[in-house]
Every structure is written in structure tokens, then in C-alpha cells.
Enquirer: 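One structure, as C-alpha cells, below. Some questions next.
Side chains included, hydrogens not; waters and symmetry mates left out as well; all remaining heavy atoms used.
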Amino acid sequence: VIGKVSNIARHAAWIALIILLVIAVAGLLLQERRASSAADTDLHVSFSMPAGSYDAQFSLSLQTPNPQAQIYYTLDGRMPDPQNSPLYDEPLTLVADLPQVVVVRAVAALPDRSVGPAASASYMMGLDSTLPLLSIIADPDDLWSEEDGIYTNHDERGREWERAVDLTFVEGDGEMGFHSGGGLRIHGEWTRWFSDKKSLRLYFRDEYGARKLEYPLFGQEGQVAFDHLYLHNSDQDLLLFRNQLTERLFSQMGGFAVRGRPLLLLLNGEPWGIYNIRERIDERFLEQTYGVPSAAVSDTPNIPGRQSEEQRANDLVHWENVMAFVQENDLTDPDNYAYVQTQVDLDNFIDYYLLQMYIANTDWPHHNMHQFRPRTPAGRWEWIVWDNDLAFERVDRQMVDHVLTVEHPLGERMEIFLNKLLANPEFFNRFLIRAADLLNTTLSPANVTAEVEHSVAELSADIPFEQARWNVPQEWEEVADGMRAFAAERPDIMRQH
């Protein structure tokens with residue numbers, strides 16, 4: 001018994017020693033973490049003036065709380081490097097009499113080469129712009145290097161090709177909107193390869209400072225917290241507002257549309273042209289803006305590559321079943337027609353098709369066909385307008401033939417869908433009556449012209465920035481006149497078709 005007690009005592013002593021060692025190591029790690037955190041705090045850099053828009057000259061001071069640290073800075077977007085960047089030794093003078101955008105990045109460093117986190121800020125000095133401003137600060141190597149630059153390697157995709165940036169947004173009246181970290185990627189298909197003015201994506205994550213961008217970018221209604229936004233280049237749209245016009249018209253019709261607004265983009269201080277910042281079509285957008293709690297979202301189901309493997313295996317099975325039913329059954333039969341109405345919102349479908357026909361969108365329906373279905377037993381397929389750069393171009397474009405005959409191998413199934421629906425007399429009358437209503441109201445010359453004038457007034461003062469950077473005709477106002485003519489003439493031409 002005495003031996004057993006002695007063994008237990010020895011084991012207990014060893015256990016106690018191990019516990020003490022674990023506590024000691026944990027304490028050291030905690031102290032190291034606190035020391036690291038304190039060092040980061042001691043080595044942070046602050047600016048005497050916040051990022052934003054200014055009309056008068058001022059001196060910008062850079063400070064760090066650590067008296068042993070020195071500050072290094074850059075003015076070209078590059079991350080400061082104590083080995084190569086200028087040493088800060090006096091305030092920087094920012095002038096406003098010569099319009100410019102000054103992008104400042106700074107770090108504090110100790111003699112032992114410890115470097116604190118980078119601080120960044122954009123200053124729009126005397127910039128003569130009426131549009132909102134979005135300044136992006138990005139390390140030039142992240143954009144242009146042969147190995148890692150996202151602009152240089154424009155066809156690369158995914159998280160691996162996302163780069164950290166600093167973002168400053170200023171409203172059109174000069175009021176500060178937000179200053180945030182973010183991630184930047186290249187967006188688009190055709191424009192990735194053939195456009196120097198590329199579309200972009202913005203991401204918001206914890207690693208950049210905040211999980212979401214919380215700012216009412218499009219107003220207080222709908223989505224006000226974003227983890228993903230698009231910067232659409234409107235590259236094929238010399239007017240720069242065809243998408244916004246289409247979205248506003250569909251919203252007036254009671255349809256689904258993302259919200260967007262034009263802005264002047266600034267990249268490392270250089271005006272980069274007029275972009276359209278837009279929401280992303282996803283489940284969060286549908287829930288926050290339209291109250292759809294859970295939905296299957298699809299981008300052109302006829303193109304398998306646009307759908308994930310999970311989508312094809314689950315959500316799109318429903319759509320495939322709907323299409324199989326339409327192809328195999330006579331929709332003049334009242335029961336079959338009634339069944340299709342339980343699977344597809346035909347009011348939305350009709351409005352969507354009539355709008356696309358009115359705007360003469362030739363990059364559709366074989367492409368840019370966005371649709372969704374609520375994941376409920378009674379959920380029906382609905383359509384959302386998206387990517388209408390090739391619309392409003394030919395006022396005499398015959399879109400009835402375009403949607404009823406096979407013009408593209410990927411558009412064949414939608415052609416069958418509409419033809420079989422139009423074979424039903426009830427749908428045929430429903431389609432024509434709605435066309436007459438819309439051509440007299442939302443799509444009337446008076447309403448569309450008013451929307452055109454709204455966009456022209458919004459963009460005209462900033463068109464010189466676009467013309468100076470990209471290939472936009474100097475006769476932009478004449479291009480706008482073409483849109484005015486389209487608004488005036490298209491309804492009668494569409495009636496004839």
C-alpha cells in the first residue's frame with residue numbers, strides 16, 4: 001500500500017510539473033503576442049488629414065507614437081520600403097490649384113528593421129468632377145508585374161489572383177463616403193482579353209479590415225452591407241449608360257434589376273475613366289433587396305461552364321425538367337399551360353422579353369440570361385436584366401425574328417420555349433396586350449427620353465476624363481443624340497415588327 005501511494009505521489013508530481021510548464025509556455029506566448037500587438041500599435045502611422053476631397057492647399061503631417069521609429073512613404077501606390085522609399089522628414093504640401101489626386105502610403109520602421117503596418121490615404125485635390133469618386137491604391141507590381149500582376153495576367157481567375165488595395169469613396173458633392181481596405185480582381189469575359197479598360201471586382205473580407213463594406217452606396221433601401229461589388233467598364237458602350245438605363249426601365253416595369261451608379265475611377269492617382277459600380281446577383285442580393293429568402297441563381301443555363309457542378313446537380317435539375325416538359329408537351333392544352341405557369345412567372349418572363357426586344361439587345365438570349373427560382377415548393381423561375389452594352393444601337397433591329405428563330409446554337413432552347421408559349425392563344429394575346437401597354441407607358445418616347453436626359457446630365461461634365469484616358473468619341477453628345485432618336489422612333493418600329 002505504501003508503495004502504491006508513493007507511485008501515485010510521483011505521478012501527481014509529474015502531472016503538476018507538466019501543468020506548470022504548459023502554463024509557463026502559454027504565458028510566454030501571450031506575452032509575445034501582446035508585445036507584437038504593442039509593437040504594431042507603437043509602429044502605426046497616422047495622417048494629420050483624413051482621406052477625401054479638398055479644394056484648398058494644406059500640409060500633411062505623418063506621425064507615429066514610437067519616438068525611435070522613422071517613417072518612410074511613397075506617392076505612387078507602391079508599398080513603402082525602408083531600403084528604397086523616401087524618408088519622411090517634413091510635412092508634405094498638397095496643392096489644389098492644379099487638379100490632382102495624391103495617394104500616400106507610409107510605414108514606420110525601427111533601427112532593428114522592424115516595420116509596422118502600412119497606412120494609406122487618397123487626397124482628391126481640386127478635382128473638377130461632378131460624379132462620385134473612387135480612388136484605388138494598389139501596389140503597381142500587383143497590377144503590372146509579368147509574374148503576379150492581375151492586369152498583365154488578365155485571364156487568371158480565383159482567390160489566388162486577388163490583390164489587396166486601399167479604397168476611398170467620395171460622393172459627388174464632395175462628402176466623404178468610406179475609406180476601407182479591400183481585394184481587387186479582374187472581371188469579365190471578352191473584355192479581359194480585348195479591352196485595356198478592364199472591368200473589376202471588389203471584395204471585402206476580415207483580412208482587409210472589415211468583413212463587409214457597410215455603407216448605403218445605393219440608398220437606405222435594400223442591401224447596405226456588401227461583401228462583393230462590380231466595377232463595370234461599359235467598354236462596348238460609348239454612351240456609358242446603357243446598362244443603367246435598362247435597369248431603371250425594368251425596375252419601373254416591376255422587374256428585378258441590380259442597382260448601380262456611375263463614378264469616376266482613380267487608380268494610383270490617375271483618372272481611369274467612368275465606371276458603373278454595381279451590385280452582384282447572388283442570394284444575399286435577392287434576400288436583402290427583394291425579400292427572397294433562399295434562391296437558385298443561374299447565369300445562362302444553356303452554357304454549362306457558367307454553372308458550378310453543384311448547381312448542375314441540384315438547382316438546375318428543376319430548370320431542366322421544366323424545359324423537358326415544354327419540349328415534350330403541347331402548350332395549347334390548358335392543363336399543360338397551367339402547369340407551366342406554376343413553374344415560371346410568365347408576367348416576369350413577358351416583361352423581360354419585351355424589354356430585351358425593345359432595347360434590341362443582340363448579345364442575348366444565347367448569352368447574359370440571368371434567372372433565379374426561390375427554393376420553395378411554389379417557387380417559380382424569374383429573370384433579371386444584366387449586361388446590356390450591345391443594346392440601343394440599331395433602332396430598326398428586327399428582334400421578333402431574333403427571338404423566334406435560331407440565330408445561335410446556344411439560344412435554340414429559349415427559341416423553342418417562346419414559340420411554344422406563343423402557340424397558346426391566351427399567352428399570345430397576353431404578350432401583345434402587355435407590349436401595347438409598355439410601349440404606351442414605360443417604353444414610350446416621353447418616358448425613355450426623360451431617362452436618357454437624366455443620364456446625359458449626370459455624365460456630361462465628366463466625359464472629358466473618359467476621353468482623355470480611353471477611346472471615346474469627342475462627339476459624345478452626338479452619340480447621345482442617337483440615343484434620343486432611338487427613344488423617339490423605336491416604339492413605332494417595334495409595333496410594325
Enquirer: Hey, does L249 have a side-chain heavy atom less than 4.5 Å from the side chain of V448?
Expert: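 The answer is yes, as the side chains (C-beta and beyond) meet within the 4.5 Å cut-off.
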
Enquirer: If you take all heavy atoms of N268 and G77, which pair is closest and at what distance?
Expert: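 Heavy atoms of N268 and G77 come nearest at OD1-CA, 3.6 Å.
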
Enquirer: Are T130 and D462 close enough, and set up right, to give a side-chain hydrogen bond (donor to acceptor under 3.5 Å, both in side chains), and what steps lead you there?
Expert: CA-CA 7 Å; T130 61; D462 287 66; 2.8 Å; yes

Enquirer: Have a look at H232 and tell me which of N276, T191, I277 forms a side chain to side chain contact (heavy atoms under 4.5 Å, CB included) with it.
Expert: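 So the option named by the test is N276.
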
Enquirer: Taking it one step at a time, do W470 and F465 satisfy ring pair (Phe, Tyr, Trp, His ring centres under 6.0 Å)?
Expert: CA-CA 9 Å; W470 306 110; F465 288 106; over 10 Å; no

Enquirer: Between K197 and Y275, is any pair of side-chain heavy atoms under 4.5 Å apart?
Expert: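 Side-chain contact under 4.5 Å: yes.
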
Enquirer: Looking at side-chain heavy atoms only, is the closest gap between E175 and V170 below 4.5 Å?
Expert: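 No - every pair of side-chain heavy atoms lies 4.5 Å or more apart.
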
Enquirer: Measure from the ring center of H187 to the ring center of Y230 and say whether it is less than 6.0 Å.
Expert: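 That pair passes the under 6.0 Å test.
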
Enquirer: Begin from the C-alpha positions of F194 and H154 and carry the test side-chain contact (heavy atoms from CB on, under 4.5 Å) through to its verdict.
Expert: CA-CA 10 Å; F194 301 107; H154 45 71; over 6 Å; no

Enquirer: With the threshold set at 4.0 Å, does a side-chain nitrogen-carboxylate oxygen contact exist between R163 and D139?
Expert: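 So R163 does not pair with D139 through a salt bridge.
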
Enquirer: Please tell me if the side chains of W319 and L316 come closer than 4.5 Å, counting only heavy atoms from C-beta onward.
Expert: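 With C-beta onward as the side chain, the pair touches.
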
Enquirer: Between M399 and A360, which heavy-atom pair has the shortest distance, and what is it?
Expert: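 Nearest pair, atom of M399 first, then A360: CG-CA, 3.6 Å.
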
Enquirer: Out of L133, T168, L127, which residue meets the side chain to side chain contact (heavy atoms under 4.5 Å, CB included) rule with V101?
Expert: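 With V101 as partner, L133, T168, L127 yield a single side chain to side chain contact (heavy atoms under 4.5 Å, CB included), made by L127.
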
Enquirer: Indicate whether the side chain of Y208 and that of E162 have a donor and an acceptor atom separated by less than 3.5 Å.
Expert: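 Checked: Y208/E162 side chains pair up, N/O donor to acceptor below 3.5 Å.
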
Enquirer: Applying the ring pair (Phe, Tyr, Trp, His ring centres under 6.0 Å) criterion to F256, which one of W381, F349, F372, F250 satisfies it?
Expert: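 Testing F256 for a ring pair (Phe, Tyr, Trp, His ring centres under 6.0 Å) against W381, F349, F372, F250 leaves exactly one candidate, F372.
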
Enquirer: What residue pairs, at least two apart or across chains, pass side chain to side chain donor-acceptor pair (under 3.5 Å) with a residue in residues 286-297?
Expert: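 Counting only pairs at least two positions apart or across chains, the side chain to side chain donor-acceptor pair (under 3.5 Å) contacts touching residues 286-297 are S294-R375.
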
Enquirer: What's the separation between atom CG in L213 and atom CD in Q223, rounded to the nearest 0.5 Å?
Expert: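 CD of Q223 is found 10.0 Å from CG of L213.
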
Enquirer: Work out which heavy atom in L267 is nearest to a heavy atom in W272; give both atom names and the distance.
Expert: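 For L267 versus W272, the nearest heavy atoms are CD2-CE2, 3.8 Å.
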
Enquirer: Without swapping roles, check the side chain of R261 against the backbone of P132 for a donor-acceptor pair under 3.5 Å.
Expert: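 No; judged by distance alone, with no hydrogens or angles, the pair does not exist.
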
Enquirer: Run the ring pair (Phe, Tyr, Trp, His ring centres under 6.0 Å) test against F218 and tell me which residues pass, sequence neighbours left out.
Expert: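 With neighbours one apart ignored, the set is F226.
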
Enquirer: Give the C-alpha distance, both sets of side-chain angles, the deciding distance and a yes or no for side-chain contact (heavy atoms from CB on, under 4.5 Å) between H370 and S298.
Expert: CA-CA 6 Å; H370 282 70; S298 172; over 6 Å; no

Enquirer: Of all the heavy-atom pairs spanning M253 and L438, show the shortest one and how long it is.
Expert: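 Taking M253 first and L438 second, the nearest heavy atoms are CE-CD1, 3.5 Å.
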
Enquirer: Is the backbone of F241 close enough, under 3.5 Å, to the side chain of D237 for a donor and an acceptor to pair up by distance?
Expert: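 Yes, the answer is positive, given that a donor and an acceptor are paired below the 3.5 Å cut-off.
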
Enquirer: Test your reading of the model: is there a side-chain donor-acceptor pair from D345 to the backbone of R380, 3.5 Å cut-off?
Expert: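 Absent.
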
Enquirer: So how far is it from E171 CD to L131 CG, rounded to the nearest 0.5 Å?
Expert: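 If I round to the nearest 0.5 Å, the distance is 11.0 Å.
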
Enquirer: Does any donor atom in the side chain of E458 or Q244 lie under 3.5 Å from an acceptor atom in the other side chain?
Expert: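 On atom types as modelled, these side chains do not qualify, holding no pair under 3.5 Å.
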
Enquirer: Would you find a donor on one side and an acceptor on the other, under 3.5 Å apart, between the side chain of D142 and the backbone of A138?
Expert: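 No: the side chain of D142 does not pair with the backbone of A138.
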
Enquirer: Just checking, is any N or O donor in the side chain of S251 or R259 under 3.5 Å from an acceptor N or O on the other one?
Expert: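 Judged by distance alone, the side chains do not pair up.
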
Enquirer: Could you walk me through whether R242 and D389 satisfy the salt bridge (charged side-chain N to carboxylate O under 4.0 Å, His left out) test, starting with their C-alpha distance in whole Å, then the side-chain angles of each, then the deciding distance to 0.1 Å, before giving a yes or no?
Expert: CA-CA 6 Å; R242 298 176 205 261; D389 289 341; over 6 Å; no

Enquirer: Quick check against the 3.5 Å criterion: does N440 have a side-chain atom that pairs as donor or acceptor with the backbone of A436?
Expert: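 Yes; judged by distance alone, with no hydrogens or angles, the pair exists.
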
Enquirer: Can a cation-pi geometry be assigned to R185 and W161, taking NZ or CZ under 6.0 Å from the six-membered ring centre and within 45° of the ring axis?
Expert: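 No, R185 does not sit over the ring of W161.
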
Enquirer: Quick one: does R211's side chain get under 4.5 Å of R205's, heavy atoms only?
Expert: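 In short, these two side chains do not touch, never coming nearer than 4.5 Å.
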
Enquirer: Between H228 and E279, is there a side-chain donor-acceptor contact under 3.5 Å, judged purely by atom types and distance?
Expert: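 No - no donor-acceptor pair under 3.5 Å links their side chains.
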
Enquirer: Kindly compute the distance separating CE (M494) from CG (L443), expressed to the nearest 0.5 Å.
Expert: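 Going from the CE atom of M494 to the CG atom of L443 covers 7.0 Å.
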
Enquirer: For N419 and E415, test the side chains for any donor-to-acceptor distance below 3.5 angstrom and give the result as yes or no.
Expert: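 Result is yes, a qualifying pair exists.
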
Enquirer: Does K420 make a cation-pi contact with F427 (under 6.0 Å, within 45 degrees of the axis)?
Expert: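 Checked: cation-pi criterion not met.
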
Enquirer: When rounded to the nearest 0.5 angstrom, what is the spacing between CG in L265 and CD in E270?
Expert: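 Here the interatomic distance stands at 10.5 Å.
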
Enquirer: With a cut-off of 6.0 Å (strictly less than), are more than 12 heavy atoms of other residues, nucleotides or ligands near CG of D76?
Expert: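 Check passes, neighbour count above 12.
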
Enquirer: Specify the closest pair of heavy atoms between N243 and W386, including all atoms of both residues, with the distance to one decimal.
Expert: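 That would be OD1-C, 4.4 Å.
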
Enquirer: Got a salt bridge between R394 and E489, using NZ or NE/NH1/NH2 to carboxylate O under 4.0 Å?
Expert: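 No.
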
Enquirer: Looking at side-chain heavy atoms only, is the closest gap between S135 and V103 below 4.5 Å?
Expert: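 A side-chain contact exists here, since the closest heavy-atom pair is under 4.5 Å.
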
Enquirer: Kindly determine whether L134 and L266 satisfy side-chain contact (heavy atoms from CB on, under 4.5 Å), including the steps that lead there.
Expert: CA-CA 6 Å; L134 177 63; L266 310 161; over 6 Å; no

Enquirer: Supply the atom-to-atom distance T449 OG1 to R484 CZ, rounded to the nearest 0.5 angstrom.
Expert: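 Rounded to the nearest 0.5 Å, the OG1-CZ separation comes to 9.0 Å.
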
Enquirer: To the nearest 0.5 Å, tell me how far L263 CG sits from S129 OG.
Expert: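 Between atom CG of L263 and atom OG of S129 there are 9.0 Å.
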
Enquirer: Work out which heavy atom in I186 is nearest to a heavy atom in L200; give both atom names and the distance.
Expert: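 For I186 and L200, the tightest heavy-atom pair comes out as CD1-CD2, 3.8 Å.
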
Enquirer: Let me know which of N368, N388, D387 forms a side-chain hydrogen bond (donor to acceptor under 3.5 Å, both in side chains) with N361.
Expert: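 With N361 as partner, side-chain hydrogen bond (donor to acceptor under 3.5 Å, both in side chains) holds for just one option, N388.
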
Enquirer: Please answer whether the main-chain N or O of W383 pairs with a side-chain N or O of N348 as donor and acceptor at a distance below 3.5 Å.
Expert: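 Flag set: sc N348 to bb W383 pair under 3.5 Å.
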
Enquirer: Check step by step if side-chain hydrogen bond (donor to acceptor under 3.5 Å, both in side chains) holds for S199 and R192.
Expert: CA-CA 8 Å; S199 289; R192 282 178 180 268; over 6 Å; no

